[in-house]
Amino acid sequence: MTPEVAETVEVSLWRGREDGRYQTFTVPLRQSQTVLDIVTWVQRHADPTLSYRFACRVGVCGSCAMTVNGKPRWTCRTHVSKVVDDGKLEIGPLANLPVIKDLTADMAPFFEKWQKAEGRFVPSQTRADNLAVVSPESAERRTADAAIECINCGVCYAACDTVRWNDSYMGPAALNRAWTLVNDVRDAGNRSRLSAVASDGGCHNCHSHQSCEQLCPANLNPTASIAGLKRRTMQAYIKGELG
Amino acid sequence: MNVRLYFLQRATAMLMVPLIIVHVVVIFYATRRGLSAAEILSRTRGSLGWATYYSLFVIAATVHAGIGVRTVSIEWGGLRPRSADAVMWGMGFALLVLGLRAVTAVVLA
Amino acid sequence: MTGPHNAAYRRDALWIFAQIHRVSGVLLAIFLPVHFLALGLAIEGEARLQGFIAWTQNPFVKLAETALLFTLAVHLLGGLRVLVIENLPWRPQQKQMALGAAAIAAVVAVAFLLSV
Amino acid sequence: MLERLQTDILILGTGGAGLFAALHALQADPDIGITIASKGLLGKSGCTRMVQGGYNVSLIPGDSVERHFMDTIEGGKWLPDQQLAWTLVEKAVERVRELENEIGCFFDRNPDGSLHGKAFAGQTFDRTVHKGDLTGIEIINRLMEQVWARPAIRRLEEHRAVALIPAKDGASVAGVLMIDVRTGVFRFVQAKAVLLATGGGPTMYRYHTPSGDKSMDGLAMALRLGLPLRDMEMVQFHPTGVLAGRDTRMTGTIIEEGLRGAGGYLINGGNERFMFTYDPRGERATRDIVSRAMFEEMRAGRTTKEGGLYISMGHLGPEKVRKQFKGMVERCADCGFDLAGGLVEVVPTAHYLMGGVICAVDTSTELPGLFVAGEDAGGMHGANRLGGNGVANSTVFGGIAGDVMPGWIRSNPGHRAPDESAIEAGIAAATHPFRQKAGDVNGLRERLLDVMWDDVGIIRTADSLGRGLAHLDAIDGELHEAGIADTDRAFNLTWHDWLNLKNLVATSKVIAAAAMRRQNSRGAHFRTDFPDEGDLPTSTFTMVREEHGKLQIAEEPVQFTIVKPGESLLKSKDAAE
Ligand SMILES: Cc1cc2nc3c(=O)[nH]c(=O)nc-3n(C[C@H](O)[C@H](O)[C@H](O)COP(=O)(O)OP(=O)(O)OC[C@H]3O[C@@H](n4cnc5c(N)ncnc54)[C@H](O)[C@@H]3O)c2cc1C
Ligand code: HEM
Ligand code: SF4
Ligand code: F3S
Ligand code: FES
């Protein structure tokens with residue numbers, strides 16, 4: 001049952017750059033309405049200069065994440081009734097990233113850290129070769145599969161206090177990706193990848209706060225992936241395999 | 001924090017688990033009978049076993065807390081890693097000196 | 001808090017427990033040197049140590065000591081939570097684990113308080 | 001204000017086509033300067049990311065390139081350019097191996113560890129390679145990581161191309177005029193070669209599936225430059241898009257076809273199943289038939305209160321549905337619907353544009369220096385695109401463009417001076433709304449969506465198309481008068497809405513004009529006044545170009561260079577499946 005909702009909702013939106021302020025709008029409620037729809041309504045009907053970002057509008061591109069009533073969310077897939085609190089919504093840009101304007105954040109640091117964690121495949125074969133035979137039931141494949149459907153929305157990154165506290169920390173998404181590669185039997189880059197994630201900004205900074213795991217819209221579990229990396233790097237360290 | 005610091009911190013944490021449990025049990029046992037200097041010292045004085053036990057604890061705590069304080073001073077204190085290293089060594093030095101002094105005191109006194 | 005990011009999120013049991021773990025670690029780090037200092041008094045003779053111990057019988061000090069033992073227990077159990085997540089296969093009952101650990105810590109501390 | 005940049009190769013778009021082009025160009029010449037620009041974030045905009053079903057390729061034992069080719073030609077109702085279609089199916093084999101072995105995609109496997117191929121409508125072999133039902137995420141994330149890993153590729157994120165700028169002598173392309181979305185500043189990027197890979201995107205229909213950033217920009221820019229577009233009447237509709245009501249972005253996005261396949265019912269506003277009155281296969285009829293039947297029901301007024309129809313799964317057992325279609329059930333729940341047990345409102349929805357810029361197999365266009373790949377290019381699919389051939393198309397030809405452009409630059413070295421007056425005109429056109437009195441851009445978009453849906457959509461007639469064209473002219477005129485306050489150009493979405501609309505109206509006219517011209521019904525194009533498919537051996541395709549502000553439409557005969565109607569490349573034994 002959808003609960004009876006008020007006719008309108010009070011929406012406070014962040015306006016400006018880092019030194020902006022919240023501005024309040026009254027937006028009509030509809031039965032099927034996401035947070036992105038609310039923001040769109042404001043841009044279309046109340047203030048045409050409002051800036052925000054979206055693309056796919058169905059939860060696959062990870063462009064639309066914002067801070068909604070204190071928590072980072074994918075706005076295109078967050079029904080208003082799920083987050084509205086006392087008839088109010090407060091929406092700001094994603095935390096832990098520079099603000100571009102209004103509700104848009106600059107995701108460049110997020111992707112730079114993805115690279116720092118060597119979150120990219122290193123081939124061991126070429127297009128001239130046949131595809132590797134990999135059993136879908138093998139432990140490695142299943143571990144990789146469990147963490148692979150990340151949409152790089154940055155929700156976990158914005159939710160993580162360690163990211164907030166420590167500039168150099170690579171963050172949950174980058175490390176989660178590194179973990180999928182560590183379990184990818186076709187990959188040839190793991191020696192250097194393990195060293196990268198074992199270095200100063202790496203997986204060992206994670207305090208297992210689990211905010212990432214609790215808020216990831218794709219239901220991934222970066223906490224578990226990072227724990228995996230901690231174990232794997234530790235083994236490599238003890239064996240003296242880290243460069 | 002990197003793998004080396006992590007390793008040292010977690011290894012010492014694991015080491016301290018049994019050490020601390022023993023310590024807590026001993027405190028219970030001791031306080032039950034009323035804490036007295038004579039009592040403490042009679043137990044520890046001249047005992048190589050207790051000397052090793054407490055030294056191990058002191059060293060583990062030194063390493064563990066030193067690294068822990070380093071992390072906190074970066075994340076909450078806003079220190080650069082370099083300054084945090086100084087805090088770590090300072091903390092470690094203080095703990096080690098005071099700790100070993102205490103061990104010496106209760107064992108040799 | 002003003003600013004674009006109202007950092008009001010994650011105030012649930014798990015998060016709070018993680019912060020308590022940290023604070024308890026710092027408290028221990030501050031207390032431990034003091035504790036060592038006290039024991040070190042033995043160098044100056046049994047009498048000084050005895051004097052110090054007598055002082056600790058003061059209810060205030062006792063309460064403080066209880067608090068510290070509680071801190072140690074909390075930190076130990078919180079630390080175990082971290083070690084479990086890091087080293088054992090993933091389990092979903094994190095929250096219960098955290099609450100359970102907090103409860104055990106409280107029991108230990110109360111037992112101590114009653115026993116002295 | 002105008003800033004200037006120089007690069008050797010400029011790629012517009014970061015879908016499968018754009019990203020592949022960048023990687024291949026760098027491989028072909030590691031010293032070449034490559035710049036890749038995207039209207040949204042790199043890899044996070046466009047439709048390649050949204051691919052659910054998968055990638056068609058003849059890599060699985062028992063299949064053949066010839067079979068894939070025949071499926072493509074027959075699916076395209078004999079209209080595809082056969083050389084392009086052949087290149088598509090042939091190169092797809094290498095491309096999938098490259099995606100797996102070099103880029104890092106990890107496609108699903110059979111229990112024995114070999115590549116899994118699933119069934120996809122309209123094909124005689126189960127050849128669709130996939131990663132669960134989020135294949136696009138896997139493909140684009142892996143490509144995107146490789147591009148981020150190569151700092152030699154300069155990235156211009158949130159840069160919108162507004163005009164292709166010819167050289168002073170008009171004989172080639174000299175660069176592209178862009179708006180830096182984040183600051184609102186104009187930037188002219190001078191390049192020796194330009195790849196157009198902005199991914200088409202028929203978002204001018206009331207209900208549509210593509211990513212919200214796509215608005216036919218590439219085709220509109222090519223059209224303004226006088227380049228010919230083909231097959232523009234061919235707009236593919238998907239039968240089941242979500243209908244979430246007014247002011248919802250999720251409206252139009254896809255509800256999986258598998259639901260109908262699994263036995264889901266389509267129900268009209270009067271609570272009746274209606275598909276059997278249109279086709280003996282009921283809900284399991286092909287995409288075009290189901291879409292048309294749904295449109296007929298809606299036109300007859302037998303709709304839900306929001307104006308659509310229902311899909312109902314409950315009779316299959318809600319628990320089972322929840323398990324089998326987990327992602328879809330969650331998605332519906334997020335917009336307030338219970339797919340497993342209740343009714344979800346659906347409508348047919350515009351999905352893909354088969355039409356595009358005319359190009360050769362090496363992706364070159366009529367204008368030297370300008371290349372085109374992906375959904376912006378026309379001719380690979382003819383009258384209908386097979387599900388799974390879209391991403392194959394963008395990755396195959398994007399890669400080819402990347403292979404070819406460095407060589408082209410070697411034989412045509414040097415930057416060419418741009419036609420400065422074209423740059424000025426481009427800026428003037430883009431800033432036009434700032435000089436007008438405030439107008440109702442949203443109202444105009446709503447009208448465009450309705451006109452295209454009602455008159456130039458799933459079912460067409462000469463009357464409806466004529467009406468549509470007249471409305472489009474009116475909307476175009478009003479849009480020209482509709483102003484936007486020039487307060488802050490930085491990340492000004494309303495400005496971009498205006499620019500989007502401008503391009504959508506321009507290309508809508510082309511779609512309507514081409515549809516008017518094609519007096520038969522083929523594939524995605526259906527006219528009640530000409531319901532027959534016409535004579536296959538004398539098939540023609542439409543070709544539209546803009547000359548002096550007027551659309552010129554021609555019909556070109558299809559060249560059956562590989563196989564003629566009635567023939568097959570498969571020996572009869574194979575053809576029998
Ligand atoms: C929901 C959905 C499901 C699909 N499922 C399948 C499937 O299962 N199998 C299949 O084969 N195909 C599928 N397709 C089709 C397939 O996604 C496309 O055919 C293909 O991905 C197009 O690739 P592209 O590189 O040409 O364009 P896109 O991937 O769309 O990329 C276009 C790029 O151009 C950029 N751009 C646009 N305008 C400008 C501008 N003015 N300036 C600068 N940059 C610009 C965009 O931001 C984007 O980066 C699906 C499509 C959709 C919408
Ligand atoms: C059985 C004993 C102990 C165990 C199991 C234990 C465990 C841990 C663990 C796992 C951490 C890392 C937490 C994280 O990264 O989130 C930690 C941090 C810390 N510990 Fe301990 N510890 C113990 C005893 C001590 C003692 C005796 C002290 C003080 C002297 C101490 C001080 C600290 C400090 C300061 C931190 C840093 C806090 C942080 O990073 O959040 N610990 N402990
Ligand atoms: S791990 Fe989850 S929350 Fe983090 S970026 Fe990926 S999808 Fe988003
Ligand atoms: S929230 Fe941060 S601290 Fe670790 S478990 Fe997740 S990365
Ligand atoms: S708009 Fe793509 S995830 Fe929300």
Side-chain angles (χ1 to χ4, degrees), chain A residues 2 30-34 36-37 40-41 43-45 48-63 76-79 81 100-102 104 107 111 114-115 119-121 123 125-137 141 144 148-152 181 184 186-187, chain D residues 40-42 44-46 49-50 59 94-98 100-104 106-115 131-132 134 136-138 141-142 145-146 148-149 182 211-213 244-250 253-254 331 333-337 442 484-485 487-488 490-494:
Chain A
T2 21
R30 310 227 189 274
Q31 175 136 48
S32 305
Q33 189 179 35
T34 62
L36 179 64
D37 294 331
T40 303
W41 189 93
Q43 180 240 334
R44 287 187 178 168
H45 301 289
T49 64
L50 179 69
S51 308
Y52 55 98
R53 180 190 288 129
F54 76 102
C56 71
R57 69 216 157 91
V58 282
V60 297
C61 74
S63 297
C76 70
R77 289 277 301 269
T78 302
H79 197 272
S81 68
I100 294 177
K101 177 173 175 271
D102 298 349
T104 53
M107 294 194 76
F111 285 109
W114 192 287
Q115 289 303 324
R120 59 183 175 256
F121 182 75
Q125 287 197 302
T126 74
R127 63 195 80 168
D129 300 307
N130 283 323
L131 303 201
V133 174
V134 184
S135 160
E137 295 307 319
R141 176 73 205 239
I148 204 141
E149 282 173 0
C150 168
I151 59 171
N152 31 67
L181 285 161
D184 186 336
R186 310 163 308 156
D187 182 273
Chain D
L41 294 179
L42 186 122
K44 291 167 81 68
S45 45
R49 225 188 145 87
M50 299 171 76
L59 250 180
E94 183 188 294
R95 207 59 93 233
V96 167
R97 285 211 207 101
E98 183 182 356
E100 260 268 340
N101 293 347
E102 296 181 30
I103 306 295
F106 212 164
F107 297 117
D108 282 354
R109 298 295 205 269
N110 292 311
D112 69 359
S114 62
L115 187 65
K131 173 77 190 75
L134 295 173
I137 295 181
E138 179 69 3
N141 276 356
R142 304 297 79 94
E145 287 165 2
Q146 299 295 345
W148 275 99
R182 294 177 184 177
S211 175
D213 51 304
R246 265 193 306 151
D247 294 328
T248 56
R249 291 251 189 225
M250 214 188 279
T253 59
I254 289 187
R331 200 185 271 188
D334 290 340
C335 58
F337 293 123
N442 296 306
I484 300 165
T487 43
D488 186 355
F491 231 116
N492 187 331
L493 293 189
T494 305

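In what follows, chains are A, B, ... by sequence order, proteins preceding strands, each numbered from 1.
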Original post:
So, do A:T49 and D:T494 sit near enough that their side-chain heavy atoms are less than 4.5 Å apart?
Top reply: no
Original post:
Does NZ or CZ of D:R142 fall inside the cone over A:F121's six-membered ring, less than 6.0 Å from its centre and within 45° of the axis?
Top reply: no
**OP:** Kindly indicate, with the supporting measurements, whether the criterion side chain to side chain contact (heavy atoms under 4.5 Å, CB included) is fulfilled by D:R182 and A:T104.
**Re:** CA-CA 9 Å; D:R182 294 177 184 177; A:T104 53; over 6 Å; no
Original post:
Do D:I137 and A:E149 have side chains that get closer than 4.5 Å, going by heavy atoms?
Top reply: no
**OP:** Using a cut-off of under 4.5 Å on heavy-atom pairs, state which of A:P136, A:C150, A:S135 scores highest against chain D.
**Re:** A:P136
**OP:** Check whether any side-chain N or O of D:K44 sits under 3.5 Å from a backbone N or O of A:A55 as a donor-acceptor pair, and report yes or no.
**Re:** no
Original post:
Please, which pairs that meet salt bridge (Lys or Arg N to Asp or Glu O under 4.0 Å) have at least one residue in residues 125-134 of chain A, sequence neighbours excluded?
Top reply: A:R127-D:E98, A:R127-D:E102
Subject >> Interface residue of largest heavy-atom contact number with chain D, from A:V133, A:D187, A:V60, under 4.5 Å >> reply: A:V60
Original post:
What part of D:F337 is in contact with chain A, defined as an atom under 4.5 angstrom from a non-hydrogen atom: side chain, backbone, both or neither?
Top reply: side chain
Subject >> Salt bridge A:R141-D:D108, side-chain N to carboxylate O under 4.0 Å >> reply: yes
Subject >> Interface residue of largest heavy-atom contact number with chain D, from A:R53, A:Q33, A:H45, under 4.5 Å >> reply: A:R53
Original post:
Would D:T248 and A:R30 satisfy side-chain hydrogen bond (donor to acceptor under 3.5 Å, both in side chains), going step by step from the backbone distance to the final call?
Top reply: CA-CA 9 Å; D:T248 56; A:R30 310 227 189 274; over 6 Å; no
Original post:
Which one of D:S45, D:A490, D:G245 has the most heavy-atom pairs closer than 4.5 Å to chain A?
Top reply: D:A490
Subject >> Options A:L131, A:T34, A:I100, ranked by heavy-atom pairs under 4.5 Å with chain D, top entry >> reply: A:L131
Subject >> Polar side-chain atom of A:S51 near backbone of D:F491 as donor-acceptor pair, under 3.5 Å >> reply: yes
Original post:
Can you tell which of A:R120, A:R186, A:K101 has the highest number of heavy-atom pairs within less than 4.5 Å of chain D?
Top reply: A:R186
Subject >> Minimum side-chain heavy-atom gap D:R331-A:R77 below 4.5 Å >> reply: yes
Original post:
Nearest 0.5 Å, what's the CE-CZ distance between D:M50 and A:R57?
Top reply: 6.0 Å
Subject >> Within-4.5 Å side-chain heavy-atom neighbours: A:D37 and D:D247 >> reply: no
**OP:** Could you pull out all residues at least two apart from A:F111 that satisfy ring pair (Phe, Tyr, Trp, His ring centres under 6.0 Å)?
**Re:** D:W148
